[in-house]
Protein chains: 2
Amino acid sequence: MSTEAVSSESKTQCPLPLTRSSVLAAHRAIDGQIHRTPVLTSSSLAASLPGKNTLYFKAENLQRGGAFKFRGASYSLACLTPDELAKGVCTHSSGNHAGALALAAKQRGVPCYVVMPSNSAQPKIDAVRAYGASITFCAPTARARAAALATVRAQTGAAFVPPYDAANTILGQGTAMLELLAQAPEPLAAVVAPVGGGGLLAGTALAAEGTGVRVFGAEPAGADDCARGLEEGRRREDVDARTIADGLRTPVGVLNFGVIRESVEGVITVSDEEIIEAMRLLWERMKVVVEPSGAASFAAVRSGQFQALGIEGPVGVILSGGNVDLSKPLPWVQAQVHANPGSS
Amino acid sequence: MSTEAVSSESKTQCPLPLTRSSVLAAHRAIDGQIHRTPVLTSSSLAASLPGKNTLYFKAENLQRGGAFKFRGASYSLACLTPDELAKGVCTHSSGNHAGALALAAKQRGVPCYVVMPSNSAQPKIDAVRAYGASITFCAPTARARAAALATVRAQTGAAFVPPYDAANTILGQGTAMLELLAQAPEPLAAVVAPVGGGGLLAGTALAAEGTGVRVFGAEPAGADDCARGLEEGRRREDVDARTIADGLRTPVGVLNFGVIRESVEGVITVSDEEIIEAMRLLWERMKVVVEPSGAASFAAVRSGQFQALGIEGPVGVILSGGNVDLSKPLPWVQAQVHANPGSS
């Protein structure tokens, strides 16, 4: 496969084009560090859908740090030279990538510097801090973030580990799909992964190359830049994101979009209501804590659009993360309260 | 091992005394029907405790029907004759056993009759009904329950499957421990399982026989009949249960107590506050939905009493179930609201 886009800043990024064997190499490199997360099934959820496909849920919410992001962070670190590692790593993120990088750095005993917008959610700040990373707060704008990151890099010499738009990040994320293919007791007909920046979806597509598994993305209707970009034939550079799925609010990356355009059959958009319903079903029936972004793939599988494809055979569903603020009411309880303000 | 107690009503119960090889036979009988639930770890939870023991969590909340109860129900069915199966099975339960038996009966295509107190929680009623069982409601007293069950048995000829005080139930529940021993990548030093009726704890003790693994029970302080019975040298016949852990409110069974007295090193009691805190940590850090009864074992591991034992080596923790009413506020959120009634 070929891609036009090159966005890597590090000299240690995997050379393009990216292939399935690059994902296999990534998996060998991080195998001892990551959790081999379980693959779960639910006969009642499978039976509730028109297609009756057996569903294999790859539970990346049970990954270290609570999300698949730890795979890409671990592999990015594995590709750095000892000199680079000694100076540490840095990134900007308000979400799961910050925690994942901080945890991967802690695991290897290297310094980690994270630039976070000052309005980041407190649990995310606490997680990054608990993993021992240094946090620099900035104003919540792209310009302030870039400036703060440049200052951190100048002061520390730390290597920048991008959250999604980088070869090694994509390859690391793709290792979840490799495991799913090995863990499922029968060949998959299709797989669905959520798409925000596109690291997971692009990595999934690479891992599926040559297997015959059809690959689909799941994107919130309120942040559908990837789906629109595919329709229009070119990547959208920004997105006016309005969705509960906070992990999917970023525009799809350059390198990511190239892979997705070539190897992903389609991106299915789902409403926030569909995401919340999918999330509730996963919690109630499968007893797993999945965040809204993590439930988007199951919401897509439940959609009329996916069911109308008439796919026969087992379907893989990647549950990407489980980082939810559990001190707040659950979204479906909130929704009920809003719908019936007079009820207790 | 020997036990004095015999409580089986069915001719098809496993003969006493119960042994580890009876548990192995039970596992062979139900292996294709049950989920081999994953064993999870959390380095942050392990590091947070004084003993720093590696913790292996057996996630029975991910079992079919959301609890270990499905194991005992499946094995009880596996032991019935074709004639008995044709007439169906019956039980009384307001909780997980009713759903587990209904699901196991549905899987085998046999009729199932459940007597439930009229004040049972709606989600439990819905689950039993969704699995296709016939429900007979009764007044919430032991006498009304026994009368209703006798009527059902007289009318249908269905075989009674007791929730915990029966050899086959105990053997089925013990299969979770067999799997944990096989799945953990190193030998365990100890294991902790919750105790209500005692099916899971007795089965765990049988499965651990001869392995050198020290076996402990975890019981709510507000329903500590088993711990008191062990201290006093004889089983307490009832319990004035006041605990959030609704699955652990029953008094320990006769057969169960006999096994526990012989093979369990101790039962650790934990307060409801400790249970809720353990539950919150499991949800937040491990991303699994665990009910209060299911979190009691981890609460016991976190207790000063357990940590003071100075056990070295890995500890198994059985998370017994995940059936929580998710339409209600989470218990720690409720607790916060009660503590700060003026806050939003």
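For the numbers below, each heavy atom of this structure counts, side chains included, while hydrogens, waters and symmetry mates do not. Proteins get letters first, then strands, A, B, ... in listed order; numbering begins at 1 in each.
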> Side chain, backbone, both or neither: which part of B/N323 has a non-hydrogen atom closer than 4.5 Å to chain A?
Replying inline: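 Both backbone and side chain of B/N323 come within 4.5 Å of chain A.
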
> Once you round to the nearest 0.5 Å, how far does OG of A/S327 lie from CH2 of B/W332?
Replying inline: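 Those atoms lie 10.5 Å apart.
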
> Say you draw a straight line from OG of B/S43 to CG of A/L103; how long is it, rounded to the nearest 0.5 Å?
Replying inline: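 Rounded to the nearest 0.5 Å, the OG-CG separation comes to 7.0 Å.
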
> Closest approach of A/P38 and B/L40, non-hydrogen atoms and distance?
Replying inline: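 Closest heavy-atom pair between A/P38 and B/L40: CG-CD2, 4.3 Å.
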
> Residues of residues 64-78 of chain A under 4.5 Å from chain B (heavy atom pairs)?
Replying inline: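 Interface residues of residues 64-78 of chain A: A/R64, A/G66.
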
> Can you name the residues of residues 283-294 of chain A that have some heavy atom under 4.5 Å away from a heavy atom in chain B?
Replying inline: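 Expected list: A/W283, A/E284, A/M286, A/K287, A/V288, A/V289.
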
>> For A/T41, which atoms come within 4.5 Å of any heavy atom of chain B: side chain, backbone, both, or neither?
In response: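 Looking at A/T41, backbone and side chain both touch chain B.
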
